[in-house]
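Order of the sequence lines fixes the chain letters, A, B, ..., with proteins taken first and strands second; residue numbering starts at 1 for each chain.
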Number of protein chains: 2
Amino acid sequence: MTTTKLPPLLQDDPPTLADRAYLSLRDAIIEGTLAPGMKLSERGLAAMLGVSPQPVREALRRLEGEGMAETRSRSGTYVAELSVDRLLEMGRIRSALEGVAAGIAARRRTPVDIAALRARLTAVRSATASGDERRLAAANAQLHETLHAIAGNALLIRSLQAVNAYYHISTRRILVHKSEVSASLAEHTAIVEAVIAGNADEAEALMRAHTGRSVDVAAVELNR
Amino acid sequence: MTTTKLPPLLQDDPPTLADRAYLSLRDAIIEGTLAPGMKLSERGLAAMLGVSPQPVREALRRLEGEGMAETRSRSGTYVAELSVDRLLEMGRIRSALEGVAAGIAARRRTPVDIAALRARLTAVRSATASGDERRLAAANAQLHETLHAIAGNALLIRSLQAVNAYYHISTRRILVHKSEVSASLAEHTAIVEAVIAGNADEAEALMRAHTGRSVDVAAVELNR
DNA sequence: CATGACAGACTGCTATCGCAGTTTGGCAGT
DNA sequence: ACTGCCAAACTGCGATAGCAGTCTGTCATG
């Protein structure tokens, strides 16, 4: 019997109905299908999704915790109103959390993580060259998610997933300039290098600046 | 009929059983009554709290989202293990979020908010003079919570409440030096002034430095 | 026509029950 | 003494039912 610590044998649990209901509702809110102010009835949504009200209720409570829904007892749950100011605030929160995540990732990264990061960065680079915006967005998202996974902090990951929902709402409303794309690649490269080097403070500062720029761009575009 | 915007007439809903179960369990984890690795059985806890498993389940899901519990499907929910590194990470997250909150508060603060802030700061000052540590901790907490309320961002408030649970775990493990106390008062004063002045960037930087110092202190103490 | 009240539908919240998969303790076989 | 196995207890998950409030539309009343 070897005493070396084995990697976790048990994989993640399969997503529950509550998880899937959450994702459905969240995406519908991001997409605008569920517009601000709309009523989110436990029973009504349950019928639409073909499940019982129980998983729906759980999903709604989670959305509530993320600020995307508001509940008044015995009256109803509604899609939260979202002003431009709020949206910008979410961007600032995202920036701060992404920065912290990068810093933590720089402290915890293992050789395996480093290999994964290099792979993600390569994917981003080739996606940038391809000019396919969808593909680039996906590659960028994967790079960020890889960093979150390396940080491996459950609270941080949850919070980032929440603010990313708002980030998606933002990117749906504004258009990204071409010049941003190449700058983004350079920044991503620098961030990954800092993480690989284990330079936590630099990784955090770079990531914060990188994501902070999105907020500034959004501030200009959204207030037009 | 006046057209001036009225303050919200409907107050907050009374706390539900799920809310109260959450608070009970969270406090028990902070206090150590529920130690890391312990099983959190829905039915068992429900019996202890005198409610049905349903509200307990909701509380557990929330704790899970905050990283204080982990669930393996059909096996059980357990109190999450918490290494010193993780605890320090939570401090960094807290620092970042508190900074953002202070910055947002500086942008949104109204005359009423300013009055409230001055009152809280006065309470902190007198509590500091009294030398009563319990009272000072409570006054400090109220000052911070006032800033959160002024920021008024649901996601931010939720996240801060979560990380504050970890902050309480930290403060239970370390002892605070006397010299920290007076420095803390000066910092709180500067932060409040920046918020009142509407200087968001300065408020954020000051708050971040203020809360970041706690992390550094904890890093030294916890690694002893 | 305006207004008030009241009945029914609807809401979120909690309790109870059943299902399918996991864990565990003790017994049978070596 | 040790190992393999199996059944009973236990687990989280989901469905269903009922409660106490809230909201709404209609109808009687001025």
Quick one: do A:Asp19 and B:Arg61 make a salt bridge, cutoff under 4.0 Å?
yes
[N] [atom2] sits how many Å from [X] [atom1], rounded?
X       : N      : atom1 : atom2 : result
A:Leu40 : C:dT11 : CG    : C1'   : 13 Å
B:Glu64 : D:dG12 : CD    : P     : 11 Å
B:Asp13 : C:dC13 : CG    : P     : 8 Å
A:Tyr22 : D:dC13 : OH    : P     : 17 Å
A:Leu45 : C:dG12 : CG    : P     : 9 Å
A:Lys39 : D:dT22 : NZ    : P     : 13 Å
A:Arg43 : C:dA9  : CZ    : P     : 14 Å
B:Glu42 : C:dT22 : CD    : C1'   : 14 Å

Between A:Asp19 and A:Arg74, which has a closest nucleotide on DNA chain D that is more 5'?
A:Asp19
If you assign each of B:Thr71 and A:Gly50 to its closest nucleotide in DNA chain D, which residue comes earlier from the 5' end?
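Upstream on the strand: B:Thr71.
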What parts of residues 51-63 of chain B reach DNA chain C, counting only heavy atoms under 4.0 Å away?
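The answer is B:Val51, B:Ser52, B:Pro53, B:Gln54, B:Pro55.
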Let me see the working for A:Leu87 and A:Arg173 under side chain to side chain contact (heavy atoms under 4.5 Å, CB included), right down to the final yes or no.
CA-CA 11 Å; A:Leu87 206 49; A:Arg173 295 196 190 173; 3.8 Å; yes
Short side-chain N/O contact to C:dG12 OP1/OP2 from A:Thr77, under 4.0 Å:
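Looking at the OP1 and OP2 atoms of C:dG12, one of them is under 4.0 Å from a side-chain N or O of A:Thr77.
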side-chain N/O A:Ser41 vs C:dT11 OP1/OP2, d < 4.0 Å:
yes
Full working for side chain to side chain contact (heavy atoms under 4.5 Å, CB included) between B:Met68 and B:Tyr166:
CA-CA 9 Å; B:Met68 304 189 72; B:Tyr166 293 97; 3.2 Å; yes
Please determine, for the side chain of A:Leu17, which listed nucleotide (C:dT22, D:dG12, D:dA15) has the closest atom?
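Comparing C:dT22, D:dG12, D:dA15 against the side chain of A:Leu17, the answer is D:dA15.
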Quick one: does B:Asn140's side chain have a donor or acceptor within less than 3.5 Å of a partner on B:Ala137's backbone?
no
How about B:Ser126 and B:Arg135: does a side-chain donor come under 3.5 Å of a side-chain acceptor?
yes
Could you list the residues that satisfy salt bridge (Lys or Arg N to Asp or Glu O under 4.0 Å) with A:Glu133, not counting sequence neighbours?
none
Qualifying residue for side-chain contact (heavy atoms from CB on, under 4.5 Å) with A:Ile30, from A:Ile169, A:Thr171, A:Asn164
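Answer to the side-chain contact (heavy atoms from CB on, under 4.5 Å) test with A:Ile30 among A:Ile169, A:Thr171, A:Asn164: A:Ile169.
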